[in-house]
Amino acid sequence: MATYITLNPLFENLRPFITQLPEIFSHSGEILYQGRNEIRIIEKEGICLNVKEYRIPIFPNRMIYHLLRPTKAQRAYEYAFRLKKANFNTPEPVAFIVTRRRGLLGKCYFVSLQVEYARRFYEFGTEPLRGKENIVRDFGSFTAQLHNAGIFHKDYSPGNILFDVKKGKTEFCLVDINRMEFGPVSLNKGCSNFSRLWGKEPFFRLLAETYAQERRFNPQVCIREILKYRRRFWTKYLRRKPAKFELDL
């Protein structure tokens, strides 16, 4: 097995650990998430690390990643620097690792600092909106700034938007960023970005108003388009499995 490592120079002291990570990952640290991919929290030299192991892709994709496109781990690492350069918050990238067997892609790893944000956007689907209006407005403004900067998170779902309210101001942090696009974000494309979020119609109307104001769009058009994309996504989703919160489509 061949192993290729790219390490953030700020964390050169971690190179011995990063080098052996593919061999020790399965029995190190604490499991944070286990599914298609696996995420573990591992502490090393007083630094709390978030390590994501990407499963081996199916054979055709192993060829595509070998010949045509960067791996998910590489994209997550490089996109983190792009977000930070644009002044958007995401965990500090530490390294990415690519393994290959006989020239074909094996498991890959993305390592970042673990961040502590107490809240996720799931709560807007399961709890009342009352008292959280400022958070929703701040999020509408945050997303508008993201889109104005030409950044489009393709997996803009509740678990990938971390936040906390500190000194009356909402701070956001984006994770799972290997699927992103960079370039102009139109009104329709921007409005479609909210479709996976949890929440009832008043949540989306308030969100749309702030988003439209920040981007100088027509608020009524944004409300209509956001609700349209939301309805389209969740109608399709419900054909496969039930939602974990009450929908008002």
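Heavy atoms only: backbone and side chains are in, while hydrogens, waters and symmetry mates are out.
F110 is linked by a ring pair (Phe, Tyr, Trp, His ring centres under 6.0 Å) to nothing, counting only residues two or more places apart in sequence or in another chain. Annotation: side chain to side chain contact (heavy atoms under 4.5 Å, CB included) contacts of R36 (sequence neighbours excluded): R55. Not a single ring pair (Phe, Tyr, Trp, His ring centres under 6.0 Å) links Y229 to another residue, sequence neighbours left out. For E225, the side chain to side chain donor-acceptor pair (under 3.5 Å) partners are K228, not counting sequence neighbours. Shown here are the side chain to side chain contact (heavy atoms under 4.5 Å, CB included) partners of Q34, two or more places apart in sequence or in another chain: I31, E38. Considering only residues two or more places apart in sequence or on other chains, Y117 meets the ring pair (Phe, Tyr, Trp, His ring centres under 6.0 Å) condition with none of them. Applying the side chain to side chain contact (heavy atoms under 4.5 Å, CB included) test to D176 and every residue at least two apart in sequence or in another chain returns K52, D155, N160, N178. The side chain to side chain donor-acceptor pair (under 3.5 Å) check on K107 picks up nothing, with sequence neighbours excluded. Looking at residues two or more places apart in sequence or on another chain, you find a side chain to side chain contact (heavy atoms under 4.5 Å, CB included) between D248 and K200, E201, P202, R230. Not counting sequence neighbours, E133 has no partner by the side chain to side chain donor-acceptor pair (under 3.5 Å) test.
The aromatic rings of F203 and F121 sit perpendicular to each other, their planes meeting at more than 60°, with 30° as the lower class boundary.
Every pair passing ring pair (Phe, Tyr, Trp, His ring centres under 6.0 Å) that includes a residue from residues 1-52 is listed here, sequence neighbours excluded: F25-Y109. Annotation: side chain to side chain donor-acceptor pair (under 3.5 Å) contacts involving residues 76-85, sequence neighbours excluded, comprise Q74-E78.
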query: Would L146 and N193 count as a side chain to side chain contact (heavy atoms under 4.5 Å, CB included) if you check the C-alpha gap in whole Å, the side-chain angles of each, and the deciding distance to 0.1 Å?
result: CA-CA 11 Å; L146 200 69; N193 210 187; 5.6 Å; no

task: Would you sort out whether E171 and N89 count as a side chain to side chain donor-acceptor pair (under 3.5 Å), showing the intermediate values?
output: CA-CA 8 Å; E171 293 184 10; N89 194 17; 5.3 Å; no

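The shortest side-chain heavy-atom distance between T143 and E214 does not fall under the 4.5 Å cut-off.
The environment of CD in E30 is sparse: at most 12 heavy-atom neighbours from other residues, nucleotides or ligands sit within 6.0 Å. Counting heavy-atom neighbours within 6.0 Å of K166 NZ, excluding the residue itself, gives a total above 12. Enclosure of atom CD in E12 by more than 12 non-hydrogen atoms of other residues, nucleotides or ligands within 6.0 angstrom is indicated.
Side-chain atoms of W234 come within 3.5 Å of backbone atoms of S195 as a donor-acceptor pair (strictly under, hydrogens ignored).
Aromatic pair F139/F163: centroids not less than 6.0 angstrom apart.
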